[in-house]
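Below, chain A is the first sequence line, B the second, and so on; all start at residue 1.
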Protein chains: 4
Amino acid sequence: MSPKVSETYKEEKRAAILTGALHCFVEKGFQATTVEDIVRRLGISKGALYGYFASKEEMYIQMANARMDDMVASLSTQFKGLPGAADKIRYLFDRFRKQSLLELRKWVTFHLDFMIYASRNPDLIESHDRYMDKALHVIQDIMEEGRRTGEFRSDLDASSAAYLFWSVRDGLALHFLLGGDEKNYRKILDDMEKMVLRFLASAPV
Amino acid sequence: MSPKVSETYKEEKRAAILTGALHCFVEKGFQATTVEDIVRRLGISKGALYGYFASKEEMYIQMANARMDDMVASLSTQFKGLPGAADKIRYLFDRFRKQSLLELRKWVTFHLDFMIYASRNPDLIESHDRYMDKALHVIQDIMEEGRRTGEFRSDLDASSAAYLFWSVRDGLALHFLLGGDEKNYRKILDDMEKMVLRFLASAPV
Amino acid sequence: MSPKVSETYKEEKRAAILTGALHCFVEKGFQATTVEDIVRRLGISKGALYGYFASKEEMYIQMANARMDDMVASLSTQFKGLPGAADKIRYLFDRFRKQSLLELRKWVTFHLDFMIYASRNPDLIESHDRYMDKALHVIQDIMEEGRRTGEFRSDLDASSAAYLFWSVRDGLALHFLLGGDEKNYRKILDDMEKMVLRFLASAPV
Amino acid sequence: MSPKVSETYKEEKRAAILTGALHCFVEKGFQATTVEDIVRRLGISKGALYGYFASKEEMYIQMANARMDDMVASLSTQFKGLPGAADKIRYLFDRFRKQSLLELRKWVTFHLDFMIYASRNPDLIESHDRYMDKALHVIQDIMEEGRRTGEFRSDLDASSAAYLFWSVRDGLALHFLLGGDEKNYRKILDDMEKMVLRFLASAPV
DNA sequence: CATGAATGAGGCTTCATTCAT
DNA sequence: TATGAATGAAGCCTCATTCAT
């Protein structure tokens, strides 16, 4: 009933570990980050780390979920102040634009690296799916809202549109992973925004 | 198996090695494929392999380039029979649609895995850039053609549009890397096609 | 065998590894000694070894430095009881004479092998230079002392003389690396001693 | 009775291979030179090379012997014109002085590298001994001549003195293998010459 | 609970030598 | 004879995970 240390302590430690690990994964990618990197940054022992997480994988999954939940929560808050569906989409593109290419690259590495890893380990796919679903739902809700309010076309498939939205954005990130300059990146982001909004808004074919 | 062989022999062996390695890379990804995997599959010795390629990296690069060149050549041929720029874009989406999700996943793994690896090895970035440039140029040419013929908007930035095209497509592939069903995939591909064509064709803003 | 051990434990283990490696290097030379040889001899794993030393090279360098420091310290102590510079030189030749040819050969192998290796790896040259400097300085000090006290000629270049001293000695070791009998070796050592002392003592030309 | 190709041809080819291999060994040392290096330089095949020499070792031994014979022959010729034993020693030191440090280093690497290698392979020791004996005899003859003519002390042990001569010289080379500047090298060479001549010439103790 | 030394399989690459052509 | 592709045993080093303290 009463563990040696309080649950709160454990929870905080968990979070602290996740934060430290996040920095490492973001800096070097999942595969290239060693457990040694993580514990060195945190100033804890490997044993301690393995007391909280069963494996490097598990750390990644929990961390990704936490991040995703944060992002979803943050977006929900922001969205409250935005009247329309199109505004929300624009807001998202603004966010993308604000992120530097360097930042973007780090996140892309962080995610892609694990996706590749997961794609060869069936156990991880489900975890990752749940993770991605959250991102999809945020967008899907916007799409449905837009269709309801008439901002977006009436024949819009909200789910497909959500996929499409992220594909567009992640594909761009992907193409700028290894090179490309900031200016070019933002130009395409502008084009993408126009393209997406036009597609969403356009009258049914 | 023997020396002073014809150039043909060597070329064929090279190709055979590349084919074998391709299977491995596609199956397990670049990082997870070991040289041992490749030589076991081919039934040759490691020394033999290193007689043809200086490193695992070089095998990947040459293989990717060969594949890219083939694709570019094949597209060029196909494009000869297609009158307009929009037709060419449509043809490309048709090709994407014909590819099974399984196939797609293999290729995504093949590419992404190496990109992640390359992103941490500056020497490789240049190689990869050259590789990607080929794909970009194929599309850029179409964009320029479309603008010239008036099929596409007059203010179209061919280079950005090429980036955008591939981003859209690769982003989709990315999102279906770990899951998703064939039907959904094709539905989104249809939407994408519409979205892209509408964007390209629309009058200047 | 276990963690959070005392610094003493680690220091002892370090020393133990160095001792084991020393045996191997002395027995087979630097290049021919494999990491496998060392860990087998010590009964530890490769990982354990690499926890203490970053590379085979580093093991060698630290080992050589430790040995050199010991030798310098031992000589310093001995020299305290010796009144003159010539006495110190004589003492050194005595030490050389006491060393068996077998011993000598091992040490020559130990050093030469690494020198050859280092001569092709610029990074290592500096390390090795520092190492040799220590030996040179010990002798240089004697030369300066002798010049000051008038035991040695007044125009003696202490630095050159130090080089000369070691060259003479190491050259001899070199020539007995592959063959030669103990008696002959000692006879030449006697001659060398006379030759060197006469050179040092002789009046300016 | 009559081989396919003339003995002359074979002999010339042997010599050509040896010359090419010499360049390689001198440039990179024995261990670091690969058979591939040698055949590439010569423009012949490995099979051809192995038709003339059973191993890399054998090439080295024969090459070293040839070089030594050349050197001995060259010295013999030079010595004809030199009236005294001391002159001959002085001539040798002149030769040493004429050699650049770069040249010297190459030769030292060439020899040392193989000595280390040989010291672990008993079969090779004998070969190497014979090789060194030639060098020793050249000097021994001078020593004996000097003693006979009264130029050198009457109690001189010609064999020991020969050892001593080479030790002095090779030891110096050794110390300049990894570093040191030309000027310093020559200064010590001068000192050595004085030291050696004084030792040889001095009256019995 | 925390510690961190130890494990050890496994990764990539090299190269003297052989032998089918 | 000449050729050079092929061999394959080593070599050095990494790192997720465990477990005695």
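Rounded to whole Å, the distance from CZ on Arg40(D) to P on dC15(E) is 10 Å. For Leu42(D) and dT1(F), the CG to P distance is 18 Å, given to the nearest whole Å. Atom CZ in Phe53(C) sits roughly 16 Å away from atom C1' in dC12(F) (whole-Å rounding). Residue Glu12(C) contributes atom CD, which lies 17 Å from atom C1' of dA6(E) at whole-angstrom precision. Across the protein-nucleic acid pair, Tyr52(D) atom OH and dT18(E) atom P stand 18 Å apart, rounded to whole Å. Atoms NZ (Lys10(A)) and P (dA2(E)) sit 9 Å apart, rounded to a whole Å. Straight-line distance from the CD atom of Glu58(D) to the P atom of dA16(E): 16 Å, rounded to whole Å. dG4(E) atom P lies 17 Å from atom CD1 of Ile38(A), rounded to whole Å.
The nearest heavy atom of DNA chain F to Leu49(B) and to Glu36(C) marks one nucleotide each, and the one closer to the 5' end goes with Leu49(B). Take the nearest nucleotide of DNA chain E for Gly47(B) and for Thr33(B): the residue whose nucleotide is more 5' is Thr33(B). The nearest heavy atom of DNA chain F to Thr34(C) and to Gly51(B) marks one nucleotide each, and the one closer to the 5' end goes with Gly51(B).
Counting only heavy atoms from C-beta outward, the side chains of Thr109(A) and Arg120(B) approach each other to under 4.5 Å. Side-chain contact between Arg105(D) and Ser119(C) is absent, with no heavy-atom pair separated by less than 4.5 Å.
You'll find that the side chain of Lys13(A) is closest to dA2(E), out of dA2(F), dA2(E), dG8(E). Taking the side chain of Lys56(C) as heavy atoms from C-beta on, and the options dC12(F), dT17(E), dA16(F), the nearest nucleotide is dC12(F). Side-chain proximity of Tyr50(B) to the nucleotides dA6(F), dT13(E), dT3(E) is greatest for dT13(E). Taking the side chain of Ile44(D) as heavy atoms from C-beta on, and the options dT3(F), dT17(F), dA5(F), the nearest nucleotide is dT3(F).
Within 3.5 Å, no donor on the side chain of Lys46(D) pairs with an acceptor on the base of dT3(F), nor the reverse.
For the pair Tyr9(C) and dA6(E), the criterion of a side-chain N or O lying under 4.0 Å from OP1 or OP2 is met. OP1 or OP2 of dA2(E) has not a single side-chain nitrogen or oxygen of Ser45(A) nearer than 4.0 Å.
Across all strands shown, Val35(C) has heavy atoms under 4.0 Å from sugar-phosphate atoms exclusively, and none from any base.
The nucleotide dA2(F) finds its pairing partner in dT21(E), both defining distances of the Watson-Crick or G-U wobble pair being shorter than 3.5 Å.
A cation-pi arrangement is not found for Lys13(A) relative to Tyr52(A), the charged atom failing to lie both closer than 6.0 Å to the ring centre and inside a 45° cone about the ring normal.
With Asp37(A) as the fixed residue, the salt bridge (charged side-chain N to carboxylate O under 4.0 Å, His left out) test singles out one of Lys46(A), Lys28(A), Lys56(A): Lys28(A). Screening Tyr131(A), Tyr60(A), Trp107(A), Phe25(A) for a ring-ring contact (aromatic ring centres under 6.0 Å, His included) involving Phe114(A) leaves a single residue, Tyr60(A).
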